[in-house]
Number of protein chains: 2
Amino acid sequence: MEKTQQFIQENKQRFLDELIELLKIPSISADPAYTQDVLDTAEKVAEFLRKANVDNIEIAETEGYPVVYGEKIIDRNLPTVLVYGHYDVQPADPLELWESGPFEPVIKKTEIHPDGAIFARGAADDKGQFFMHVKAIEALIATNELPCNVKFMIEGEEEVGSPSLVNYIKNNKEKLKNDVILISDTSIISNDQPSINVGLRGLAYLEVEVKGADRDMHSGVYGGAVPNPINVLATMISKLIDEKGHITIPGFYDNVIELTEEERAEMAKIPFDLEEYKKSIGIKDIQGEDGFSTIERASTRPTLDVNGIWGGYIGKGAKTVIPSHAYAKISMRLVPGQDHEDIARKFAEYFPTLAPSSVEVKVTPHHGGKPYILPTSHKGYIAAKKALGETFEKEAIAERGGGSIPIVALFEEELGSKSVLMGFGLDTDVIHSPNEHYGLFNFYKGIETIPYFYQYFVQD
Amino acid sequence: MEKTQQFIQENKQRFLDELIELLKIPSISADPAYTQDVLDTAEKVAEFLRKANVDNIEIAETEGYPVVYGEKIIDRNLPTVLVYGHYDVQPADPLELWESGPFEPVIKKTEIHPDGAIFARGAADDKGQFFMHVKAIEALIATNELPCNVKFMIEGEEEVGSPSLVNYIKNNKEKLKNDVILISDTSIISNDQPSINVGLRGLAYLEVEVKGADRDMHSGVYGGAVPNPINVLATMISKLIDEKGHITIPGFYDNVIELTEEERAEMAKIPFDLEEYKKSIGIKDIQGEDGFSTIERASTRPTLDVNGIWGGYIGKGAKTVIPSHAYAKISMRLVPGQDHEDIARKFAEYFPTLAPSSVEVKVTPHHGGKPYILPTSHKGYIAAKKALGETFEKEAIAERGGGSIPIVALFEEELGSKSVLMGFGLDTDVIHSPNEHYGLFNFYKGIETIPYFYQYFVQD
């Protein structure tokens with residue numbers, strides 16, 4: 001891998017400049033206003049794969065945004081790695097909290113990133129991370145050191161639950177055939193402590209609506225005598241989690257696979273400083289389920305969070321109105337054993353029972369995803385651990401992530417192969433938030449590590 | 001009053017056309033975007049007073065929007081009536097629910113208004129109602145039948161709590177001197193059953209903010225371990241009212257003057273059809289404080305309503321975020337005995353105690369107003385009752401209104417005179433809501449009744 005590593009060192013600045021180009025396009029899949037930008041980003045991804053000399057590149061149509069496919073088959077008898085990533089990004093709001101434009105990438109040094117980090121929406125999630133794979137293969141092909149077959153599947157709907165990828169995979173099983181799936185869309189513990197994500201939480205996302213009267217009403221004329229949908233919704237939400245932090249949906253915990261004492265002990269080894277943690281996000285205190293550590297709460301326990309709420313008059317000044325409707329977006333993170341469709345169903349059955357007879361309640365499921373586990377005995381895990389050991393010169397720790405990549409469980413079902421989550425971000429990259437950024441150290445370390453993964457995966 | 005009544009009959013169409021002119025100007029005092037329109041409306045009001053031959057008209061500057069003043073003094077030895085009204089209106093949103101533009105007045109017949117009603121924001125609250133007084137005085141002056149002195153004080157900040165009127169009154173006590181204040185900004189029971197509002201609820205309006213982390217966070221990375229300001233705010237709101245519909249703020253009911261058995265009996269006489277009531281606003285069921293009738297709940301009991309709530313992602317699609325902040329606008333209707341400043345203070349002290357240690361809470365008071373009572377022995381009440389008997393040919397009932405005209409209590413304090421709330425609207429006029437309207441029957445009946453009020457007030 002020497003020539004490859006040398007190629008990478010010689011092209012560092014160009015790799016960064018190219019990433020910046022990609023980050024400038026606002027590929028927000030959740031908002032129809034950005035449709036053309038998402039499509040333009042797909043073109044850009046294909047263009048970079050072409051530049052890397054990847055073959056059979058396609059911008060494959062789907063019911064939604066296209067999937068960018070490409071492959072480099074060097075020998076049918078060698079193992080094949082399928083690289084998955086996504087070129088779409090989260091909405092950028094609240095815009096006023098960005099120190100620089102979300103789609104005007106800038107490099108700034110930070111305490112955690114003395115070599116600088118690139119600030120832009122999508123820098124870490126996931127443009128900056130999947131792009132490492134594009135650059136790694138470019139280096140491997142250019143230096144003729146590619147040790148296995150590699151396929152790329154970069155989608156544009158991950159941030160909205162990958163609605164179209166399911167059919168794309170079902171219709172292209174032969175083409176996507178692989179021995180392991182490699183994904184960089186997660187974090188390491190720190191730049192001194194590499195880690196591999198061996199577990200992901202699932203997700204069930206729903207939207208609820210509470211209706212009182214047919215119209216907004218004057219709070220003086222009707223106040224006290226009629227249901228106020230906001231007060232009602234607030235009370236319903238408050239009943240979803242009890243004082244001990246347990247979610248009250250009947251059957252919610254039924255199938256949760258509890259951690260073994262060994263797993264909890266292993267997890268306790270992960271370095272964690274509570275004061276540092278609170279300081280890093282500016283909270284006065286932590287809050288969660290009784291009987292679990294913060295790391296357990298954030299990665300191995302199911303959760304329920306209201307992601308958005310609105311109703312009534314939210315403009316300037318004051319309006320004495322009792323609104324006709326109140327709304328909330330509510331999502332639950334799920335853990336191994338829980339099925340997102342089962343949980344969404346249980347929520348939809350339970351939530352309306354929390355309402356008084358005076359209102360009407362509507363529950364609409366958004367998307368969902370299954371939880372995921374990778375055994376540390378898997379050859380993909382072993383290859384990743386060796387590769388990280390090579391570049392970080394430190395042994396990687398197995399870690400569970402709190403986030404969801406719903407598609408990973410689907411890959412296993414449809415393609416029969418495991419996914420290795422070898423991400424290079426940091427939890428402090430503030431993905432999904434204003435001022436998202438990605439360390440240059442992490443970007444380059446990822447490009448350097450990926451070739452070793454191929455090497456060890458083939459050797460193993 | 002024969003010539004006056006004849007003059008009114010002969011000018012009906014013109015009066016309506018002039019009101020339409022007034023309704024076309026979007027004088028929304030809560031939204032700075034409409035500043036010029038509010039100022040233009042003040043000019044328009046002055047112009048109509050001039051047309052009525054009212055003297056000493058001024059558009060008096062204040063810290064906020066101007067007060068339009070005018071007077072007709074026929075004899076210093078005769079009683080003086082001060083007419084109060086407001087030319088500003090509520091915001092018009094949600095716009096999509098209006099069947100016609102809120103500021104493009106149209107006349108439509110409805111079941112309750114077979115003679116037609118004028119649909120526009122402010123039609124009933126309060127442009128259509130204070131304008132009746134302008135047309136009544138025009139008729140009385142034109143026919144030389146004005147029996148007393150009349151002063152006009154039409155303000156432009158009622159919908160935002162009349163912040164500037166206080167100083168205006170304090171600085172103009174001599175000019176505003178009067179024997180009674182006459183206001184049309186309330187409703188009658190029905191077009192077959194006139195009523196006079198002898199009680200108003202007060203108002204305390206506050207805005208609350210709950211802060212968790214310094215920034216929005218990824219619900220996967222942090223969910224379960226950190227406070228979610230929306231869930232926290234919802235739980236805090238749910239604790240403000242208990243299962244019996246009682247407000248839990250310590251000391252909230254301390255000074256409430258409970259109704260006497262006689263008052264409750266009198267109130268029980270007011271015709272009320274529960275099914276009709278539910279149907280009229282499209283609610284599945286009523287909801288309120290245990291032990292009180294719907295009419296009592298809506299007019300004689302204090303209330304707490306969330307008028308607006310917002311936080312997190314409220315755009316299209318789904319975003320898995322734990323927001324940094326959540327907000328709500330909360331108002332309480334107060335009854336005789338309660339002081340709005342005292343209640344606002346009690347709320348501000350109590351609300352933060354409902355929060356866990358993990359969040360920061362901020363409470364900001366908006367405006368407020370005192371409750372009000374008019375004894376049925378007052379000569380102003382008696383004159384109004386006789387005047388309504390004259391035009392409706394039916395005895396008016398004394399009624400309590402659930403709404404607030406905060407300024408009324410202030411008038412009594414500063415000017416030492418009682419206000420007579422002789423309004424002509426209907427609760428079905430949907431003031432503050434889309435498709436606000438005012439019956440032509442009510443508009444004309446008001447213009448016809450006002451001259452008799454002057455007559456009986458002088459005779460008495």
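Chain letters run A, B, ... following the sequence lines, proteins first, then strands; residues in each count from 1. What you see is a predicted model, and the numbers here were worked out from it, not measured in a lab.
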Undergrad: How far apart are the C-alpha atoms of B:N231 and A:I241, what are their side-chain angles, what is the distance that settles it, and do they pass the side-chain contact (heavy atoms from CB on, under 4.5 Å) test?
TA: CA-CA 9 Å; B:N231 293 70; A:I241 300 176; 3.9 Å; yes
Undergrad: Do A:S357 and B:D285 meet the criterion of a side-chain donor-acceptor pair at a distance under 3.5 Å?
TA: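 Note: A:S357 and B:D285 side chains meet the donor-acceptor criterion.
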Undergrad: Measure B:L203 against the heavy atoms of chain A and call it side chain, backbone, both or neither at under 4.5 Å.
TA: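 Contact with chain A: side chain only.
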Undergrad: Answer with side chain, backbone, both or neither: which region of A:L200 has an atom nearer than 4.5 Å to a non-hydrogen atom of chain B?
TA: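 The answer is neither part of A:L200.
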Undergrad: Identify the two heavy atoms, one from B:R201 and one from A:G223, that lie closest to each other, and give their separation to 0.1 Å.
TA: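 That would be NH2-O, 3.0 Å.
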Undergrad: What part of A:T303 gets closer than 4.5 Å to chain B, counting heavy atoms only: side chain, backbone, both or neither?
TA: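 Contact with chain B is through the side chain of A:T303 alone.
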Undergrad: Give the minimum heavy-atom separation between B:G224 and A:R297, together with the two atoms involved.
TA: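 Of all heavy-atom pairs spanning B:G224 and A:R297, the closest is O-CB, 3.4 Å.
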Undergrad: Is any side-chain heavy atom of B:D427 closer than 4.5 Å to one of A:H218?
TA: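 The answer is no; the side chains never approach within 4.5 Å.
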Undergrad: Heavy-atom cut-off 4.5 Å, strictly under: side chain, backbone, both or neither for B:P302 against chain A?
TA: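 For B:P302, no heavy atom lies under 4.5 Å from chain A.
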Undergrad: Taking the side chain as every heavy atom from C-beta outward, state whether A:V430 and B:R215 have any pair of such atoms under 4.5 Å apart.
TA: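 Counting from C-beta outward, A:V430 and B:R215 do come under 4.5 Å.
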Undergrad: With a 4.5 angstrom heavy-atom cut-off, is it the side chain or the backbone of A:E289 that approaches chain B, or both, or neither?
TA: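 Only the backbone of A:E289 comes within 4.5 Å of chain B.
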Undergrad: Tell me, for A:P227 versus chain B, whether the close heavy atoms (under 4.5 Å) come from the side chain, the backbone, both or neither.
TA: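 Backbone plus side chain of A:P227, per the 4.5 Å heavy-atom cut-off to chain B.
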Undergrad: Mind checking whether B:I281 and A:D214 have side chains closer than 4.5 Å, heavy atoms only?
TA: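 B:I281 does not reach A:D214 side chain to side chain.
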Undergrad: Taking side chain as everything from C-beta outward and backbone as N, CA, C, O, which of these in A:L97 sits under 4.5 Å from a heavy atom of chain B? Side chain, backbone, both or neither.
TA: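 Answer is neither: A:L97 stays 4.5 Å or more from chain B.
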Undergrad: Under the side-chain contact (heavy atoms from CB on, under 4.5 Å) rule, what do A:Y327 and B:I314 come out as? Steps first, then yes or no, please.
TA: CA-CA 9 Å; A:Y327 307 84; B:I314 63 181; over 6 Å; no
Undergrad: A:N307 side chain to B:V321 main-chain N or O, any donor-acceptor pair under 3.5 Å?
TA: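 Yes, because the side chain of A:N307 sits within donor-acceptor range (under 3.5 Å) of the backbone of B:V321.
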Undergrad: Where do A:V226 and B:Y277 land on the side-chain contact (heavy atoms from CB on, under 4.5 Å) test, with the steps shown first?
TA: CA-CA 10 Å; A:V226 301; B:Y277 181 80; 3.6 Å; yes
Undergrad: So for B:T320, is it side chain, backbone, both, or neither that comes closer than 4.5 Å to the heavy atoms of chain A?
TA: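 Backbone plus side chain of B:T320, per the 4.5 Å heavy-atom cut-off to chain A.
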Undergrad: On a heavy-atom basis, which atom in A:K319 and which in B:Y205 lie closest, and how many Å separate them?
TA: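 Answer, listing the atom of A:K319 first, then B:Y205: O-OH, 2.9 Å.
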Undergrad: Side chain from CB out, backbone as N, CA, C, O: work out which of these in A:S331 comes under 4.5 Å of a heavy atom of chain B, or both, or neither.
TA: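 Just the side chain, heavy atoms under 4.5 Å.
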Undergrad: If you take all heavy atoms of A:V359 and B:K284, which pair is closest and at what distance?
TA: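 Nearest heavy atoms, A:V359 then B:K284: O-NZ, 3.2 Å.
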Undergrad: Using non-hydrogen atoms only, which part of A:P323 is less than 4.5 Å away from chain B: side chain, backbone, both, or neither?
TA: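 Contact with chain B: side chain only.
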Undergrad: What part of B:P356 gets within 4.5 angstrom of chain A, counting heavy atoms only: side chain, backbone, both, or neither?
TA: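 Answer is side chain: those atoms of B:P356 sit under 4.5 Å from chain A.
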Undergrad: Show the numbers, then the answer: is there a side-chain contact (heavy atoms from CB on, under 4.5 Å) between B:W310 and A:Y313?
TA: CA-CA 9 Å; B:W310 68 103; A:Y313 184 67; over 6 Å; no
Undergrad: Measure distances from B:E159 to the heavy atoms of chain A and classify the residue's part below 4.5 Å as side chain, backbone, both or neither.
TA: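 Contact with chain A involves the backbone of B:E159 alone.
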Undergrad: Check whether A:L304 gets within reach of chain B through its side chain, its backbone, both or neither, counting any heavy atom under 4.5 Å.
TA: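 A:L304 touches chain B through backbone and side-chain heavy atoms alike.
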Undergrad: Measure A:P229 against the heavy atoms of chain B and call it side chain, backbone, both or neither at under 4.5 Å.
TA: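 For A:P229, there is no contact with chain B at all, as no heavy atom is under 4.5 Å.
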Undergrad: Write down the atom of B:N228, the atom of A:V306, and the distance for their closest heavy-atom approach.
TA: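 Here B:N228 and A:V306 meet closest at ND2-O, 3.0 Å.
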Undergrad: Between B:D31 and chain A, which part of the residue has a heavy atom less than 4.5 Å away: side chain, backbone, both or neither?
TA: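 No part of B:D31 comes within 4.5 Å of chain A.
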Undergrad: Is the count of non-hydrogen atoms from other residues, nucleotides or ligands lying under 6.0 Å from A:Y34 atom OH greater than 12?
TA: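 No, the 6.0 Å shell around OH holds no more than 12 heavy atoms from other groups.
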Undergrad: Counting only N and O atoms by type, is there a donor-acceptor contact under 3.5 Å from the side chain of B:K329 to the main-chain atoms of A:G315?
TA: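 Checking the backbone N and O of A:G315 against the side chain of B:K329, a donor-acceptor pair under 3.5 Å is found.
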Undergrad: So, for B:K211 and A:G282, which heavy atoms are closest and what is the spacing to 0.1 Å?
TA: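 Here B:K211 and A:G282 meet closest at NZ-O, 3.2 Å.
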